[in-house]
Amino acid sequence: MSLLDSLQKDMVAAMKAKDKGRLATVRMLKAAVTNEQINVGHDLTPDEEVSVLSRELKQRKDSLEEFKAAGRDEAVQKLEEEIKVVEGYLPKQLGADEVKAVVEETINQVGATSKADFGKVMGAVMPKLKGKADGKLVNSTVMSLLNK
């Protein structure tokens with residue numbers, strides 16, 4: 001079942017359950033996936049679908065931080081619910097230990113030795129972890145391992 005089919009099915013289920021919050025989020029995700037499909041001109045591959053979902057999740061997490069800083073508790077609660085819905089469509093996220101193992105392996109593969117090799121390491125590690133780990137976590141892990 002494609003992501004669009006899954007979103008459509010979940011949208012109908014949310015309508016029947018009268019779950020307005022979930023319905024709105026699923027509609028936004030469906031629109032984002034459909035727009036991306038139109039932009040690229042073909043059905044999305046699973047990697048492209050994960051990319052779209054990751055982008056939507058990142059936007060919500062960034063907004064969440066801003067709303068928390070501004071003290072907008074109602075908006076924070078709404079965004080936390082949206083984040084849970086989006087995360088439900090993404091593959092299981094890797095933990096810090098798993099990310100560290102992948103980063104260490106990549107550092108050894110590319111022969112990185114210092115901070116100057118940061119870009120080379122990030123370029124090699126991100127395709128491996130795309131959609132499976134938060135970019136900020138990967139970034140901080142690479143920095144800490146290269147600073148040793």
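As a basis for the values below, the full set of heavy atoms in this structure was taken, side chains included, without hydrogen atoms, waters or symmetry mates.
At a threshold of 4.5 Å between non-hydrogen side-chain atoms, the residues F67 and D73 do not count as touching. Here the side chains of E49 and T45 are not in contact, with every heavy-atom distance at 4.5 Å or above. Contact check for R55 versus R60: no side-chain heavy atoms found under the 4.5 Å cut-off. Two residues are said to be in side-chain contact when any heavy atoms from C-beta on lie closer than 4.5 Å; E82 and R22 fail this criterion. Taking 4.5 Å as the limit, every side-chain heavy atom of E36 sits out of range of all side-chain heavy atoms of E48.
Salt bridge present: K58 and D62 bring a charged side-chain N and a carboxylate O closer than 4.0 Å.
Put simply, the side chain of R72 never gets that close to the backbone of K68: no donor and acceptor are under 3.5 Å apart. S6 places no side-chain N or O within donor-acceptor distance of the main-chain N or O of S2, the cut-off being under 3.5 Å. In this structure, E81 contributes its side chain and K78 its backbone to no donor-acceptor pair below 3.5 Å. Side-chain atoms of S51 never come within 3.5 Å of backbone atoms of D47 as a donor-acceptor pair (strictly under, hydrogens ignored). At least one donor-acceptor pair closer than 3.5 Å links the side chain of E98 to the backbone N or O of G95.
Taking every heavy atom of both residues into account, L90 and V50 meet most closely at CD2-O, 3.9 Å. Nearest approach of V99 to A133, heavy atoms of both residues: CG2-CB, 3.7 Å. Of all heavy-atom pairs between K100 and T141, the closest is CA-CG2, 3.8 Å. Taking each heavy atom of L64 and L79 in turn, the nearest pair found is N-CD1, 3.6 Å.
Cluster annotation: V12 and V33 are assigned to distinct hydrophobic clusters (Ile/Leu/Val/Met/Phe/Trp/Tyr, side-chain heavy-atom contacts under 4.5 Å, transitive). Both V85 and V76 are assigned to one and the same hydrophobic cluster, defined by single-linkage of ILVMFWY side chains at heavy-atom distances under 4.5 Å. Cluster membership for V121 and M126, using ILVMFWY side-chain heavy atoms within less than 4.5 angstrom, is shared. Taken together through direct or relayed side-chain contacts under 4.5 Å among Ile, Leu, Val, Met, Phe, Trp and Tyr, M11 and L44 form part of one hydrophobic cluster. Transitive grouping of hydrophobic side chains (ILVMFWY, heavy atoms separated by less than 4.5 Å) brings F118 and V102 into a common cluster.
The line from NZ of K20 to OG1 of T25 is 14.0 Å long, rounded to the nearest 0.5 Å. Atom OG1 of T106 sits about 10.5 Å away from atom CE of M122, to the nearest 0.5 Å. Here CG of L146 is found 4.5 Å from CD1 of I107. Values are rounded to the nearest 0.5 Å. Rounding to the nearest 0.5 Å gives a distance of 10.0 Å between CE of M28 and CG of L23.
No more than 12 heavy-atom neighbours from other residues, nucleotides or ligands sit within 6.0 angstrom of CG on D97. Around the NZ atom of K84, the shell of radius 6.0 Å holds no more than 12 heavy atoms that belong to other residues, nucleotides or ligands.
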Test log, rule salt bridge (charged side-chain N to carboxylate O under 4.0 Å, His left out), inputs E65 and K136: CA-CA 14 Å; E65 290 174 16; K136 289 180 183 177; 3.2 Å; yes

Steps toward side chain to side chain contact (heavy atoms under 4.5 Å, CB included) verdict (L4, Q8): CA-CA 6 Å; L4 276 175; Q8 180 65 37; over 6 Å; no

Criterion side chain to side chain contact (heavy atoms under 4.5 Å, CB included) on H42 and Q37, from CA distance to verdict: CA-CA 6 Å; H42 60 79; Q37 201 168 12; over 6 Å; no

Derivation of the side chain to side chain contact (heavy atoms under 4.5 Å, CB included) call for L53 and L3: CA-CA 10 Å; L53 292 174; L3 178 61; 3.7 Å; yes

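Remark: K120 engages V110, D117 in a side-chain contact (heavy atoms from CB on, under 4.5 Å) (not counting sequence neighbours).
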